[in-house]
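Structure record follows, encoded as structure tokens.
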Amino acid sequence: MRRGLRHPRADDAAAAEHPLVASLRALRRLAFSPAAPAALPAAALRPFLDAVRSEDAGAAVTSASLAALHEVMSLTGPALPGAALREVVDAVASCRFEAGAEPAAEEAVLMRMLQALLACLRAPAAAALGDQHVCTAVNTCFRVVHQAAAKGELLQRFSRHAMHELIRCVFARLPRIGSADGVDGAVKPEVRGCAFAINSR
């Protein structure tokens, strides 16, 4: 993190006090404390969510942070609450990093964004994601698919595969959405708008 900040302060000692670095230190202290709290799985996401959203994090830091998000979600499983998944979707959708400087690093970020979104919709607590967050995940994935058209073949293939998997997750939710509203076969406007945007391409 100290090496990868785009706008470090005057020297290494000062860069070590950057909020992104400080939040990682706080997580380390929390994880190794004698009585780690029950909220640790959600707390473990915080430094990486901050890095994904930050303009100070370059492509390498953003990619590593997205990989860490995916790893935490994979390891914690049912212990990760729906609120944490919603935060992940919001962070990935607003991901900021310096594009164009390193094409390979940029492709790695885009691929890890897709991995994080897929992990959210496949998580045990995914039912807690509202329609708006599901649509945000689909639209973000759709945007990455378009960006991938000008990138390498591996990213193109992976982004199309991720889009297919995301759509499967969405359609698997539709019966539950209708029954939760008490209207058989009804689809909420947000979901209908998402489907329309995809079918119109």
Side-chain angles (χ1 to χ4, degrees), residues 45 48-49 52-53 59 62-78 80-97 99 103-181 183-201:
L45 297 177
F48 309 114
L49 291 171
V52 169
R53 293 190 185 102
T62 304
S63 178
S65 299
L66 287 165
L69 285 176
H70 183 258
E71 190 71 14
V72 171
M73 286 188 286
S74 300
L75 292 173
T76 53
L80 201 62
L85 296 180
R86 291 192 290 272
E87 283 198 71
V88 172
V89 171
D90 288 337
V92 173
S94 60
C95 178
R96 298 179 180 183
F97 65 97
E106 183 181 350
E107 290 190 17
V109 170
L110 295 174
M111 191 172 294
R112 293 193 187 285
M113 287 172 63
L114 297 173
Q115 286 178 330
L117 292 174
L118 272 176
C120 284
L121 265 70
R122 289 171 170 170
L129 289 172
D131 293 344
Q132 191 58 52
H133 281 89
V134 172
C135 284
T136 297
V138 172
N139 288 332
T140 303
C141 184
F142 195 56
R143 176 166 50 88
V144 173
V145 170
H146 277 283
Q147 288 180 267
K151 307 296 181 185
E153 184 179 354
L154 177 61
L155 178 60
Q156 291 180 33
R157 289 177 179 273
F158 184 80
S159 63
R160 288 194 294 265
H161 169 75
M163 191 77 209
H164 293 157
E165 290 300 310
L166 218 63
I167 296 304
R168 286 192 183 97
C169 291
V170 170
F171 276 88
R173 288 169 52 97
L174 292 182
R176 293 195 297 275
I177 292 173
S179 61
D181 291 342
V183 181
D184 292 336
V187 179
K188 290 187 176 181
E190 295 92 339
V191 178
R192 188 182 298 112
C194 239
F196 177 78
I198 293 165
N199 291 331
S200 64
R201 295 301 301 176

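The first residue in the sequence is number 1, and the count goes up from there.
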Within the distance-only criterion (no hydrogens, no angle test), does the side chain of T136 pair as donor or acceptor with the backbone N or O of Q132 below 3.5 angstrom? yes
Without swapping roles, check the side chain of E107 against the backbone of G152 for a donor-acceptor pair under 3.5 Å. yes
Using a 4.5 Å cut-off on heavy atoms from C-beta on, say whether the side chain of E87 contacts that of L45. no
Roughly how far, to the nearest 0.5 Å, is CG of L114 from NE2 of H161? 10.0 Å
Could you walk me through whether Q156 and V145 pass the side chain to side chain contact (heavy atoms under 4.5 Å, CB included) test, one step at a time? CA-CA 7 Å; Q156 291 180 33; V145 170; over 6 Å; no
Looking at every non-hydrogen atom in both residues, tell me the closest pair between L85 and A123 and how far apart they are. CD1-CB, 3.7 Å
Heavy-atom closest contact (C169 atom, R122 atom, distance): SG-CG, 4.1 Å
Could you go through the side chain to side chain contact (heavy atoms under 4.5 Å, CB included) check for S74 and H70 one step at a time? CA-CA 6 Å; S74 300; H70 183 258; 3.8 Å; yes
Shortest non-hydrogen pair, A137 vs V89, comes out as N-CG1, 4.1 Å
For the backbone of A128 and the side chain of R86, can you confirm whether one donor and one acceptor N or O come within less than 3.5 Å of each other? yes
Please check if the number of heavy atoms outside R157 that lie under 6.0 Å from its CZ is greater than 12. no
Of all the heavy-atom pairs spanning C141 and L117, show the shortest one and how long it is. N-CD1, 4.1 Å
Under 30°, 30 to 60°, or over 60°: which ring-plane class applies to H146 and F142, parallel, tilted or perpendicular? perpendicular
Report yes if some heavy atom in the side chain of S159 is under 4.5 Å from a heavy atom in the side chain of L110; otherwise report no. no
